[in-house]
Every structure is written in structure tokens, then in C-alpha cells.
Amino acid sequence: MERKWIGVGVALMLGGCLGLDSGPELVPVAGRVIVGGKPAPRGSVTLYAEDADASYTPIGSIADGAYAVYVNGKPGAPPGKYRVTVFVQEAPQAGAGHGSLPRSLVETRYNQKMKTPLTLEVTREAAEGQYDLLIE
């Protein structure tokens with residue numbers, strides 16, 4: 001009987017080490033970030049699950065207005081409701097000094113999890129544009 005339990009323990013341990021644990025179900029989340037009517041040049045998007053027990057944080061980069069989020073390197077996010085933070089920076093200027101920092105193009109409230117007005121719901125069958133983020 002003892003050997004049986006050792007075998008089960010080894011199998012479970014190997015499954016976790018080899019990444020066989022599938023983790024949460026992920027569905028594709030991609031959209032556009034529009035700031036003042038124009039595509040955001042670059043930045044990042046972070047989704048914070050409203051479920052306090054969530055052990056994941058979907059994140060993604062913005063390039064020329066488009067973004068997609070990932071969890072632990074896998075595309076998508078688990079279905080559910082999220083608060084969304086967005087960091088948007090101006091595109092690098094030609095001839096700008098190496099010490100100059102890019103300017104933020106959004107108010108600081110969009111960078112703060114508890115103050116952001118942006119929310120979205122990730123669903124298995126998203127409508128076209130459902131994950132677009134519009135910032136005035």
C-alpha cells in the first residue's frame with residue numbers, strides 16, 4: 001500500500017514540475033486602447049480580477065493602439081469581471097536625450113487599481129470591440 005501512495009505523490013509532483021497543471025481556463029482578450037480619439041502609441045494594460053481569491057493577473061503590452069493580455073506567458077484571461085489599469089506613454093521622440101523620460105498620456109487615475117474607471121468582463125464569446133478601452 002505504501003508504494004502506491006509514493007507513486008501517486010511522484011506523479012503529482014512531476015505533473016506540477018513539468019507544467020502539466022492546466023491552471024485557469026483562458027479565453028482570448030485583445031482590443032484597442034484609444035486615448036483622446038487616437039490609438040495609444042505604447043504602454044501596458046493590467047486586469048485585476050474582482051474575485052479577491054484570484055491568483056493570476058492578466059497583463060499585456062500596447063503597441064500602436066493594439067493589446068492582448070497573457071497569464072504566465074499564455075494568451076488570454078480567465079472569464080470574469082475585472083478592473084483595468086492602463087499606462088500609456090508618448091512615442092519616443094527623435095533626438096530626445098537619453099535621460100528624458102516619456103510623458104504619460106493618461107491621467108494617473110487610470111494607473112491605479114482602486115481609482116480606475118475602466119472595467120471589463122471577459123466572456124467566452126466576446127463581441128467585436130468588447131475589450132476596446134476608450135480614454136478621453
Side-chain angles (χ1 to χ4, degrees):
M1 184 69 117
E2 189 173 319
R3 280 187 183 196
K4 180 179 180 182
W5 289 111
I6 291 172
V8 170
V10 170
L12 289 173
M13 207 168 39
L14 284 175
C17 292
L18 296 175
L20 298 177
D21 177 51
S22 62
E25 171 196 6
L26 300 178
V27 296
V29 175
R32 309 229 358 114
V33 179
I34 306 298
V35 178
K38 298 178 182 176
R42 68 181 190 166
S44 65
V45 173
T46 305
L47 308 183
Y48 295 96
E50 290 188 4
D51 175 4
D53 295 333
S55 60
Y56 48 81
T57 304
I59 59 172
S61 296
I62 302 167
D64 298 321
Y67 80 94
V69 299
Y70 296 80
V71 173
N72 297 326
K74 297 177 184 175
K81 294 182 179 182
Y82 293 87
R83 297 182 69 79
V84 183
T85 60
V86 177
F87 291 85
V88 178
Q89 300 170 334
E90 65 185 354
Q93 302 297 317
H98 292 293
S100 63
L101 295 174
R103 183 176 62 92
S104 175
L105 297 178
V106 298
E107 295 176 27
T108 58
R109 66 185 173 136
Y110 292 101
N111 309 151
Q112 300 172 26
K113 176 181 170 182
M114 299 311 291
K115 292 185 179 181
T116 181
L118 302 173
T119 60
L120 60 81
E121 183 171 1
V122 174
T123 60
R124 287 174 185 81
E125 295 182 22
E128 180 74 26
Q130 181 172 327
Y131 302 131
D132 288 355
L133 302 169
L134 306 175
I135 301 171
E136 295 302 317

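Values in this document were obtained by computation on a predicted structure and should not be read as measured data. Excluded from the calculations below are hydrogen atoms, water molecules and symmetry mates; all remaining heavy atoms, backbone and side chain alike, are included.
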Visitor: Is any side-chain heavy atom of V27 less than 4.5 Å from a side-chain heavy atom of T123?
Guide: no
Visitor: Does the side chain of I62 come within less than 4.5 Å of V86's, by heavy atoms?
Guide: yes
Visitor: Measuring only between side-chain heavy atoms, which start at C-beta, is V106 closer than 4.5 Å to F87?
Guide: no
Visitor: With hydrophobic residues grouped by side-chain heavy-atom distances under 4.5 Å, do Y56 and Y67 end up in a single group?
Guide: yes
Visitor: Heavy atoms only: give me the nearest Y82-A77 pair and the separation to one decimal.
Guide: OH-CB, 4.1 Å
Visitor: When you look at E50 and K81, which way does the salt bridge (Lys or Arg N to Asp or Glu O under 4.0 Å) test go after all the steps?
Guide: CA-CA 6 Å; E50 290 188 4; K81 294 182 179 182; 5.8 Å; no
Visitor: For N72, does the CG atom sit with more than 12 other heavy atoms under 6.0 Å from it, leaving out its own atoms?
Guide: no
Visitor: With the 4.5 Å side-chain cut-off for hydrophobic clustering, are L118 and L47 part of the same group?
Guide: yes
Visitor: Show the nearest heavy-atom pair for residues E25 and R124, with the distance to one decimal.
Guide: OE1-NH2, 2.7 Å
Visitor: Looking only at atom types and distance, does a side-chain atom of T46 sit under 3.5 Å from a main-chain N or O of T85, one as donor and one as acceptor?
Guide: no
Visitor: Do side-chain atoms of R83 reach the backbone of M114 as a donor and acceptor pair under 3.5 angstrom?
Guide: yes
Visitor: Is I135 reachable from Y131 through a run of hydrophobic residues whose side-chain heavy atoms are each under 4.5 Å from the next?
Guide: yes
Visitor: Quick check: do P78 and P58 have side-chain heavy atoms less than 4.5 Å from each other?
Guide: yes
Visitor: Just jot down the side-chain contact (heavy atoms from CB on, under 4.5 Å) partners of R109, sequence neighbours excluded, or say none.
Guide: E107, K115, P117
Visitor: Can you tell if the side chain of L105 reaches within under 4.5 Å of the side chain of P41, non-hydrogen atoms only?
Guide: yes
Visitor: From the options D132, D64, L133, select the one residue that forms a side-chain contact (heavy atoms from CB on, under 4.5 Å) with R32.
Guide: D132
